[in-house]
Amino acid sequence: DAKTTQPPSMDCAEGRAANLPCNHSTISGNEYVYWYRQIHSQGPQYIIHGLKNNETNEMASLIITEDRKSSTLILPHATLRDTAVYYCIVPGDSGGYQKVTFGTGTKLQVIP
Amino acid sequence: GAVVSQHPSWVICKSGTSVKIECRSLDFQATTMFWYRQFPKQSLMLMATSNEGSKATYEQGVEKDKFLINHASLTLSTLTVTSAHPEDSSFYICSAREVGRNYGYTFGSGTRLTVV
């Protein structure tokens, strides 16, 4: 699976947009980018995923660069409940099966 | 949406005993399931990948005889921590992927294991 790189931490003021970047320069043409978040002591929660087009759902927007080597997760109006660790993941084939590994993620702190 | 139920949510056991953790996909069939371990303030570490109908594939450094994984059916996977020791105390999380979908990994709520 493609390696991803994220900043270790970010702060965002409540009500403002939170923009979380992710580099995945080794991504291959048919690999999706997934975003999850983990609130303390809970299982990761799916946020959004995409292949090459920008995506939007009720939680967030995902902007993928044209070369697909990086992406940005956008939380349009961050709330205190959005404080969590956000993971960008690119699962890939590994010996015939998909493998999902986590990097260190970005710890987002939403500030009142 | 897809739901993965993990049970128990927490367990305390004595050193030397075995503990079984269950992971069930409630409304979908899962060909592939993943087991992770997470220590405090660290990221999730993949322990093993199991595909229904075949043996689990363990990550380097994970003892297959200590962490027994059984993908019994398309809706159930179990992780058994055998002869548990205090250093096995951790947060264990499972994940499942729906049959026929090229995307969508759903995670369980995790199991907090404390070995005393």
Side-chain angles (χ1 to χ4, degrees), chain A residues 1-9 22 27-53 55 57-59 62 64 71 84-109, chain B residues 1-7 9-10 21 23-25 30-60 62 71 90-99 101-114:
Chain A
D1 47 339
K3 180 177 174 58
T4 61
T5 305
Q6 299 176 253
S9 64
C22 178
I27 193 170
S28 66
N30 60 350
E31 290 179 326
Y32 284 79
V33 180
Y34 295 80
W35 282 82
Y36 287 82
R37 71 181 182 185
Q38 186 180 27
I39 297 171
H40 183 63
S41 294
Q42 296 182 23
Q45 175 192 20
Y46 167 82
I47 301 173
I48 200 167
H49 74 279
L51 183 61
K52 53 185 176 182
N53 296 322
E55 303 287 345
N57 62 21
E58 64 277 6
M59 289 182 69
L62 175 61
I64 302 174
S71 61
V85 178
Y86 287 77
Y87 295 100
C88 165
I89 300 166
V90 180
D93 286 326
S94 177
Y97 61 92
Q98 284 220 337
K99 191 170 169 176
V100 183
T101 57
F102 284 75
T104 53
T106 296
K107 185 173 183 179
L108 175 68
Q109 182 71 48
Chain B
V3 177
V4 171
S5 174
Q6 191 171 338
H7 178 80
S9 56
W10 60 271
I21 301 170
C23 179
R24 292 181 185 274
S25 56
T31 53
T32 304
M33 290 187 171
F34 303 92
W35 286 97
Y36 298 85
R37 179 168 54 180
Q38 186 175 34
F39 293 108
K41 296 185 179 181
Q42 294 186 21
S43 184
L44 285 75
M45 292 174 47
L46 180 64
M47 299 176 66
T49 303
S50 68
N51 290 288
E52 192 271 341
S54 62
K55 291 183 179 180
T57 302
Y58 290 81
E59 294 300 300
Q60 190 172 10
V62 177
H71 198 144
S90 188
F91 191 53
Y92 293 86
I93 306 168
C94 71
S95 173
R97 182 165 70 97
E98 188 172 352
V99 172
R101 287 166 63 101
N102 192 32
Y103 54 88
Y105 299 83
T106 305
F107 289 81
S109 55
T111 297
R112 174 74 59 191
L113 170 64
T114 302

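Naming convention: chains lettered A, B, ... in sequence-line order (proteins, then strands); numbering from 1 in each chain. Computed from a prediction, not measured in an experiment: that's the story for all the values here.
For Pro44(A) against Phe107(B), the heavy-atom pair with the smallest separation is O-CB, 3.4 Å.
In this structure, the side chain of Ser109(B) does not engage the main chain of Gln42(A) through any donor-acceptor pair within 3.5 Å.
Annotation: the span from Phe34(B) atom CZ to Thr101(A) atom OG1 amounts to 9.5 Å, rounded to 0.5 Å. From Ile93(B), atom CD1 reaches atom CD of Gln38(A) across 5.0 Å, with rounding to the nearest 0.5 Å. Taking CD from Gln38(B) and CZ from Phe102(A), the interatomic distance works out to 9.0 Å, rounded to the nearest 0.5 Å. Atoms CG and OG1, from Leu44(B) and Thr104(A) in turn, are 12.0 Å apart once rounded to the nearest 0.5 Å. Between atom NZ of residue Lys41(B) and atom NZ of residue Lys107(A) there is a gap of 7.0 Å, rounded to the nearest 0.5 Å.
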With ring pair (Phe, Tyr, Trp, His ring centres under 6.0 Å) as the test, would you mind laying out the steps for Tyr105(B) and Tyr46(A) before giving the verdict?
CA-CA 8 Å; Tyr105(B) 299 83; Tyr46(A) 167 82; 9.5 Å; no
Run the side chain to side chain contact (heavy atoms under 4.5 Å, CB included) test on Ser41(A) and Arg112(B) for me, step by step, so that the C-alpha distance in whole Å, both residues' side-chain angles and the decisive distance to 0.1 Å come before the verdict.
CA-CA 8 Å; Ser41(A) 294; Arg112(B) 174 74 59 191; 3.4 Å; yes
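Residue with the most contacts toward chain A among Ser95(B), Gly110(B), Pro40(B), Ser43(B): Ser43(B) (heavy-atom pairs, distance under 4.5 Å).
Neither the backbone nor the side chain of Gln6(B) comes within contact range of chain A, judged by heavy atoms closer than 4.5 Å.
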